[in-house]
Amino acid sequence: MNAPVSPQASDAPNTVYLKDYQPPSYRIEKTQLRVDIGEQSTRVSSSLSLERQGEACDRLFLHGEALELVSVAINDRTLSSEQYHVDEKGLTLLNPPESFTLQTEVNIYPKQNTSLEGLYKSRSSYCTQCEAEGFRKITYFLDRPDVMSDFTTTIIADRATCPVLLSNGNRIDSGTLEGGRHFATWHDPFKKPAYLFALVAGDLASIQDEFITQSGRRVALEIFVEPKDLDKCDHAMSSLKHSMAWDEKVYGREYDLDIFMIVAVDDFNMGAMENKGLNIFNTSCVLAKPETTTDAGFQRVEGVVAHEYFHNWSGNRVTCRDWFQLSLKEGFTVYRDACFSADMGSSTVKRVEDVSLLRAYQFAEDAGPMAHPIRPASFIEISNFYTVTIYEKGAEVVRMLANLLGPVEFRKATDLYFERHDGQAVTTEDFVQAMADVSGWDLTQFKRWYDQAGTPRVKVTDHYHEDSRQYSLTFSQSTPATPECSDKQPFHIPIAVGLLGGAGELALKLEGEELTDLPEDNTHKVLELTEAEQTFVFTDVPEHPVPSLLRGFSAPVKLSFAYSRQDLAELMQRDSDGFNRWEASQNLALAVLDDAIVAYQQGKLDSFTVDPMLIESYRQLLADAELDQAMVALMLTLPSQDYIAEQYEVVDVEAIYTARRLLAKTIACELADSLRAVLESYDNTQAYRADADSIAARSLKNTALGYLLLEPSQSDTDYALAQFSNANNMTDEVSALSALLYSESPQVAEHAERALAEFYTKWQDEALVVNQWLSLQARDPRPNALLRVKALLEHPAYDGTNPNKIRAVIGAFCMANPINFHTGLLDDPSAGYRFLADQVIALDAKNPQIAARLITPLTRWRRYSEVRGQAMRSQLARIQAAPGLSGDSYEIVTKSL
Ligand code: B3K
Ligand code: ZN
């Protein structure tokens, strides 16, 4: 039976507003699915028990997209065409009863589903991705997170090609069928929204383990991968067990089902997905072994496994009422996984990495046309809101709450939140309310962090009165206009501070405080800025100190204070806050980079000399045996081009690139002996280990190698070549390769090309390693990289339907190779922009989510020179005019133009 299909709905995609939220008019108590997977098409039969909530209504709309309706019945009676209506958005039932069973049958086509949302095929496996709104591509449903249902799922498939059949919860039945087919039935005892539904059918192998929970329950753990990858699952398994133990210890959260499964697939739009009991992962976030995976890769696996596991409570047991609340689960869970990773390795290193990411990408987002608060007020396409703002800034807001409450109260508050809302779909208000109820704090002003976008600027000045021995810090805050609001109210900003005196850190006593009220270790304080301008006066201060401000990056703001370079050098060496030591190194480097940028712009770079203060500070760092080697490596690393760009109103791409390169080369020359000493003291014969100390030692050695290869001696080149050939791990192998490749020294060039070719020959069967190889070339800063990138798109290793490959080539070129993206080709300066628009237009029809994400660099057109900005803008307009553009891309281009 074919139902009538309505004519095309209106063209412009709709905007959805938070203020229009209405509770659902029906509940779905039970959902029974039968998914019969065939070679060409899949038949989905569903039976939903619906119960009205509240007023009678004359129609009920169920979401459904790209579904071929076969039959629709209520309480086993097939509906006539007057009783329902179908269009490309869903199924409308007319005059539905108060309580009924809706039975539908649809055909879907997983093999043709290139959006990687709904049910699709990745290599030889079938899998699903339903968050945010993918379940509606599987069957008709109330596909919204506040409709939570009890799911029973039967999967039927060919036994030979799909021996493994998985879904959420526990397997309650299985058996063979005629014609070489078989089935499995799964029941999930926890009610959940459809976005947490998952199904997998394929020819997969698995490793198994178990975890005994704190109350003594045994949980079976299983990781499914293609058989060839079975040797790369151990790290994910141990990360999972560490995560389970950590969540019990730190949050008192125990796992609730008898089995927890992870499945890795090659084609996945994001990193992973927290489906109840059946997480589905991008292979890049599961597979790891030393020979094929870098240290960063190992850490990513650990972090993502933890993140998805932690969602079982922060997301699944307590979920979101609507998608405006996305940060309720994402911000909180990122905060949780960041604390976990900090506990597993070095907490300062983790903090530096996270803040670097936030400042390079989230601050840029907050200053651009897509700026949105962590709880947005409206959206067109929710997929566009899985952003660094929702995730990383969301996590910063939770971190501020955790720090304001302190560890004991914060734990009480999260206990209350989980208890109070278990099994519910709630809002960010509910989260903050639990914090307020436990602590007694008035968090009214704090909640502005959820509603106001933009990065607050905090300007600080100080004054020391020698006679009264008083030291005052005056803070003023302001937040630039963003698309949703131009008039910002002051935020509640916690600012952690310390004061450095000549002989060490000073005791801190604010005016009015009694010494007896203060803790013994009294050199650290959190000042709470709530006004537009506020002064804090410290008393009994014996000398004019150097203030250490915003320790640990205690709030997501841009703080400025007129430090002298001497102050920065001191903070770099002596601050007891590791994060601020790094911060001082960045600020000192930024000051010197600014000298070079100005010299470049004035055509005086040839006669430019680098401030010796920076070189001497770096020299001392390299001699500091006390400091964590990973911190030395981070402090020696110049700010990224993106972060340098953040410092300027108009981004001068050439000036930033050239200044940074010149500074790096100068460091390489001036500190060559110290850098070589790092290489000499490193024992390259040691067995690989992935612990924090080993990772730290490798990162320092490879940072030194990268510098030395900028102006290499023959022995430096030989060292890199030997490391490339003999490395027993991918970190060293790929670091040597990138040092060779990015050297620009003519004596290295030939070696680099040979190494690149060898690397591919050696690793061509390892997809994730090949992605590294692609990305290294796409990021190559040498001129005319675009020609090489275009050639890569034709290479047999490239696959234009695989998001990892798209990110490795197109994403890396446009996001991580600014000098080439913005300067294009020698004879065609806007070639990079046109290339990106071409790729977006071609991809949009196949995978709109990935296409829309790629557009980001073009949206920043206002930050560049007039000529560049207009060239970028005209490519956005070209994308906008592309026939049949998706709502995803439409939203990004329209908001950016
Ligand atoms: N919750 C998923 C995100 C899925 C988004 C799909 N558009 C991954 C995560 O944050 O854990
Ligand atoms: Zn998440």
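Indexing begins at 1, ligand by ligand and atom by atom, following the structure's order. The first residue of the sequence shown is numbered 1, and numbering continues consecutively from there.
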**Prompt:** Is there a donor in the side chain of T319 and an acceptor in the side chain of Y195, or the other way round, less than 3.5 Å apart?
**Reply:**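 There is such a pair (donor and acceptor under 3.5 Å, judged by atom type) between the side chains of T319 and Y195.
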**Asked** Cut-off 3.5 Å, side chains only: do N847 and N269 have a donor facing an acceptor?
**Response**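 Checked: N847/N269 side chains pair up, N/O donor to acceptor below 3.5 Å.
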**Message:** For F379 together with F324, are the ring centres under 6.0 Å from each other?
**Reply:**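 Aromatic pair counts; centres sit under 6.0 Å.
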**Message:** Are Y255 and F260 an aromatic pair, judged by ring center distance below 6.0 Å?
**Reply:**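 Centroid distance F260-Y255: below 6.0 Å, so yes.
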Give every pair formed by an N or O atom of ligand 1 and a protein N or O atom closer than 3.5 Å, one pair per line with both atom names and the distance to 0.1 Å, or write none.
residue, atom, partner, partner atom, Å
ligand 1, 1 (N), E131, OE1, 2.6
ligand 1, 1 (N), E274, OE1, 2.7
ligand 1, 1 (N), E274, OE2, 3.4
ligand 1, 1 (N), K329, NZ, 3.4
ligand 1, 1 (N), E330, OE2, 3.1
ligand 1, 10 (O), H307, NE2, 3.4
ligand 1, 10 (O), E330, OE1, 2.9
ligand 1, 10 (O), E330, OE2, 3.0
ligand 1, 10 (O), Y391, OH, 2.4
ligand 1, 11 (O), E274, OE1, 3.3
ligand 1, 11 (O), H307, NE2, 3.1
ligand 1, 11 (O), E308, OE1, 2.8
ligand 1, 11 (O), E308, OE2, 2.9
ligand 1, 11 (O), H311, NE2, 3.2

**Derivation and outcome, salt bridge (charged side-chain N to carboxylate O under 4.0 Å, His left out), residues E396 and R351** = CA-CA 11 Å; E396 292 300 320; R351 190 70 187 129; 2.8 Å; yes
[X] atom (N/O/S) at minimal separation from the Zn ion (ligand 2):
| X | answer |
| --- | --- |
| H307 | NE2 |
| H311 | NE2 |
| E330 | OE1 |

**Prompt:** Is the Y417 ring parallel, tilted or perpendicular to the F431 ring (thresholds 30°, 60°)?
**Reply:**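 Rings of Y417 and F431: perpendicular, as their planes differ by over 60°.
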**Request:** Evaluate salt bridge (charged side-chain N to carboxylate O under 4.0 Å, His left out) for R359 paired with D354, printing each intermediate quantity in order.
**Result:** CA-CA 9 Å; R359 294 204 293 210; D354 288 350; over 6 Å; no
